[in-house]
Structure formats: structure tokens, C-alpha cells
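For reference, the structure discussed in these notes is given below.
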Amino acid sequence: MMALFRKAKSLFTSHYSLFTFSSIVSIGTLLLYNLPFFRFVIDNSEDGPLGLTWLIISLVIIMLAVNFMMTCLAMFCLRIVGRILLAILSVINATAVWFILTYNVIIDATTIENVFNTRYSEASGFFSWEMWLFILVFGVLPALFCLFKPVVIGKARKLGIYCGCSLAVILIVGLLNINQTLFISQHDTELGGLLQPWSYIANTYRIISFSQDKQAEEIKLPDGRITDNEKAVVVLVIGESARKANFQLYGYQRATNPLLSKQKELKVYQANSCATYTTAGTKAILEPKDCDELYELLPNYAFRTGVDVSWRTSNWGEPPIHIGEYLTDPELANLYGVSNTYDDILFHGLRERIESSPKDKVLIILHTSTSHGPKYTDKYPKEFEVFKPDNIVDAYDNTIRYTDYLIDGLINTLRGMTDWKSAMIFISDHGESLGENKMFMHGLPMRLAPKEQYEIPFLVWTSENFRTYKSNLPPVLEQHYIFHSVLNLLSIQSPAYNADYDIFQQ
């Protein structure tokens, strides 16, 4: 017994080097808190035994290297604060793993938001002696080790060596597993939600950042005014991850646009997105010029000027929208009494909504999610499974065909509203990679992104005698053309208007 006591005492009294301490913390984090992550990888990987073994080994190496480097940095740069931080993370890790194992949850953004919005009276229903015992053994004891274990920090030169070697290992192993991009993309939510401590750190940051973005102060544009009382409506459809390459309208050999290809009044423009991810791409569509500042966005500016503005969305990640009517797909489904999980819910009741408007100028913005991966097969009803999804391209093409149906129906609806001048504009926030050069999804920096991630569709339809199109436009348009073209369509006279970025004549 005394020998056991002396060993336990030495655990907290003997000095460890920074390398040894960080190694123990890294290994402990891997073994104590990330077994559900590896169980998910094993259960969902389609690789054979050798491929799966290599994937597991690679993930272990990367995880150990990342946690080792971050522990070194925390201890060297923050000292006692670093110890406290590591201790707190140990307790939170144990709590997160308890809920993952007990309730089969993942720690994603929704979970974190629910945590922030849960009262103690509600949360206390999850408490049990088993939970407290689990947290004590797997959270508090490791936390005490982090707080009180003597560590010889060493010199900055050694820290540089440790961090440099860790980064090199991460980069090399990552490059050797570039073929796993699709697997990671397909399961990014689950993998990210099971990876401790990064699941709740990253998603807490996302929730806080999103909350701040919603309250962000815009740079106000100069006041504008509506110059006529002609009834006019513009429906702007922001497509999600729709790339030009898979549109029949742009020369794709598959019949992905069988309906729109028959719409003779439809204008088809070549266009590039300003970014390869939703937040920046959507911002570019709605802002007057390309800049890092947050200027007043199109719906906010139109609303302030006196336009009846409605935003309908099945997506997320848009910049701050400050208008009177903002409706999500569940709210629309409840409003119209349907149990719809597809994007056609955004188009429900549009004619009635427009014709019942008390104002002469109406702007409807539909922010879709139709072609968002990686599970493209979940984005369209089964009757649109024209191309049997034997591979990722088949499923993606079905989302474009579903988009074709939605936009065609919208145009026909607007054409039937003879008392209104009307326009439909469809433009995507960015493109999508579907395996070219072993790249999938989107989000690469513009300087590195392949053209599939930024070449986007830009489609325009207007009712008869509404506006005259310019004939001398550049060969490739930017997303900023939307802002100024819509101001023209809604007869908004403004110092913010730039005729050079308008597809219509004044």
C-alpha cells in the first residue's frame, strides 16, 4: 500500500520535461476522449482492411501531433493560465464524451446552441451519479494532473523544434491522405462533432461569431428613393453550390435543364463568384462593391428605401439581414401546413404573397440549399432521380434538374401575373468540385480554387417590356451586378447605384 502511495505521490511531485508532459496529455486526450471518433471512422469507412488501417494510423498521428503542439504552446506561452485551460478542457472533454456515449449525440453547432439556450431546470434532468463519477474519473483526475504536475518548460528553441516537427508531420501525413477528402467531406459534421476538444471549441466559436454577425453594424449607403409607382417585383434566387459546368444551358451534354432550355426569354450569362464559400459568396451577391467592409446589403437597403422585402431560406451563413420578414423553411412549412423538407417550400404561395403586398415594389429573395453536398441525394424528391445516383456526379446532376424545375415554375408564375412587371434572377453563391483532381465540395482560397468552384450560372428572365438588356456587357460578369441591376428594376434612384454594374439600360 505504501509503495502504491509513493508511486501516486511521485506522479504529482516528480518533474517532467515539456516534451514528456505534452506527450502524456496528447496521448491521454486521444485515448480518453476520442474513441467514439475512431469508432465512427471504422463503422463508416468504405476502404478495405489495409486502407482502413492506414487511415486510422494517419488520423492517430495527426491527432497526436496537433494536441502535442497545442499543449506545448499553451504551457510555454500561458504558463499557469495554460494549465488552467488544459484542466478545464479535460472536464469538458469528459462531459462531452459522456453525452456522446449515453445519448448518441454529436457536439455540433446545434448542440452548442442548445447548451447556451438551456436552463438549469432543464439541464438538471440529465444529471446522474453515473455521470458525475464518469466526469470525476475521466475529467477531474486528468485536470488535477494538468494543474499540479511540475513541468520544466525549457527554452524557446526547443519549443520551435517541437512545433516545427509537429507541423511537418501533420502536413506530410495530410498530403499522403489527400484521397480521403471525399470521406471527410461526406462525414464532416459527424467527424467534427466527435473530435475532442475541437468539436465544442470550433462550434462555440461559430455560434458566437454568427450571433455577432447578426448584430453587425453596416456602413449605411446614401439614401435612395423610388421614382415611380409602377407595380414591379423582383425574385432573386441564390443558388447553393450550383456550378456552371453541369448546366445544360452552358453546354453540358446531359439534359439537366429540360425546362429552362425552352424558356426563350431567358438570358444566360457567363459569371464568376467572388469566393468559394457561402458567407462570402452571398455577401458579394448582395453588396454594391467588392470590399472587406460590411456595407448595407441589398435587402436591407431596399427595405429601408420603402420596398416590401421578404427573405425565405433553407440555408444558412448569409450576412446580417435586417428586414421585416425573414422566414426559414420550417416556418414556411408551418405557415402553409405542409411537411416539406425540399426547397420547393421556399416557392410556396409566392403569387399570393406578392399580389397581397401593400406596396408597389416587392423584392423576394430565396436562399436555397439545393445543390449543397456532400449528401446530394437528400436534396431532391425521388421523382427527380432521373440520373441513377451510382456516383456523386449523378446525384449532383439530379439537384440541377430539380433546380431547373423550381426556376421554370417560378418564371411561369411570374409570367401569369399580368398586372405586375416582374423579373427572376438566379445566381449561385459559388461552384462545386465533384472529384476533379481528387477535389470535392468547395471552400478553397480563390488563388488555389479550380474553376469548378467559381464558375457559376447567372440566369435572368423579365416580363415583356419591363427593361431593355445591355448588349455591350463584359464577357464574364461578377456577382456585384445583382445589386445595381435590382436597383434599376425596382426604380430606386441612389448615389450607391453604378450603371457600369447594371445588365439593363437605364
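Note that these values count all heavy atoms, side chains included, but never hydrogens, waters or copies made by symmetry.
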### Query
Does D343 pair with R312 as a salt bridge, N-O distance under 4.0 Å?
no

### Query
Could you give the distance from OG1 (T403) to CG (N398), rounded to the nearest 0.5 Å?
10.5 Å

#### Entry: Flag for S433-E452: side-chain donor and acceptor within less than 3.5 Å
no

### Task
Measure the CD1-CD1 distance between I427 and I456 for me, rounded to the nearest 0.5 Å.
4.0 Å

### Query
Do NZ/NE/NH1/NH2 and the carboxylate oxygens of E190 and K375 come within less than 4.0 Å?
yes

### Summary
The side chain to side chain donor-acceptor pair (under 3.5 Å) partners of W311 (sequence neighbours excluded) come to none

### Query
Aromatic rings F40 and H187: how do their planes relate, parallel, tilted or perpendicular, breaks at 30° and 60°?
perpendicular

### Query
Which pair of heavy atoms, one from I323 and one from S310, lies closest together, and at what distance?
CD1-C, 4.2 Å

### Task
Taking the six-membered ring for Trp and the full ring for Phe, Tyr or His, determine whether the centres of F21 and F145 are under 6.0 Å apart.
yes

### Query
Quick one: side chain to side chain donor-acceptor pair (under 3.5 Å) partners of Q248, sequence neighbours excluded?
none

### Summary
Rounded to the nearest 0.5 Å, the CG atom of D394 sits from the OH atom of Y376 at a distance of 12.5 Å

### Query
Got a sec, which pairs hit ring pair (Phe, Tyr, Trp, His ring centres under 6.0 Å) with one end in residues 71-97, sequence neighbours left out?
none

### Query
Taking atom OH of Y454 and atom OG of S428, what is their separation to the nearest 0.5 Å?
14.5 Å

### Task
Look at the rings of Y301 and F483 and say which category their plane angle falls in: under 30° parallel, 30 to 60° tilted, over 60° perpendicular.
parallel

### Query
Could you state the interatomic distance from OG1 (T399) to NZ (K379), rounded to the nearest 0.5 Å?
9.5 Å

### Query
For the residue pair F384 and Y402, is the inter-centroid distance of their aromatic rings smaller than 6.0 Å?
yes

### Query
Do F37 and L59 have side chains that get closer than 4.5 Å, going by heavy atoms?
yes

### Task
Check whether any side-chain heavy atom of F458 sits under 4.5 Å from a side-chain heavy atom of I482, and report yes or no.
yes

### Task
Could you verify whether a donor N or O on one side chain and an acceptor N or O on the other, from T71 and S22, lie under 3.5 Å apart?
no

### Query
In chain order, what residues pass the side chain to side chain donor-acceptor pair (under 3.5 Å) check against D47, with sequence neighbours excluded?
Q180

### Message
Is the shortest side-chain heavy-atom distance between H367 and T278 below 4.5 Å?
### Response
yes

### Task
Could you tell me which residues satisfy side chain to side chain donor-acceptor pair (under 3.5 Å) with Y405, sequence neighbours excluded, listed by chain and number?
none

### Task
Output all residues satisfying ring pair (Phe, Tyr, Trp, His ring centres under 6.0 Å) with W132, sequence neighbours left out; order by chain, then residue number.
F127

### Side-chain H-bond candidate by donor/acceptor type, Y200 with N93, under 3.5 Å
yes

### Task
Enter the distance from S166:OG to I62:CD1 here, rounded to the nearest 0.5 Å.
12.0 Å

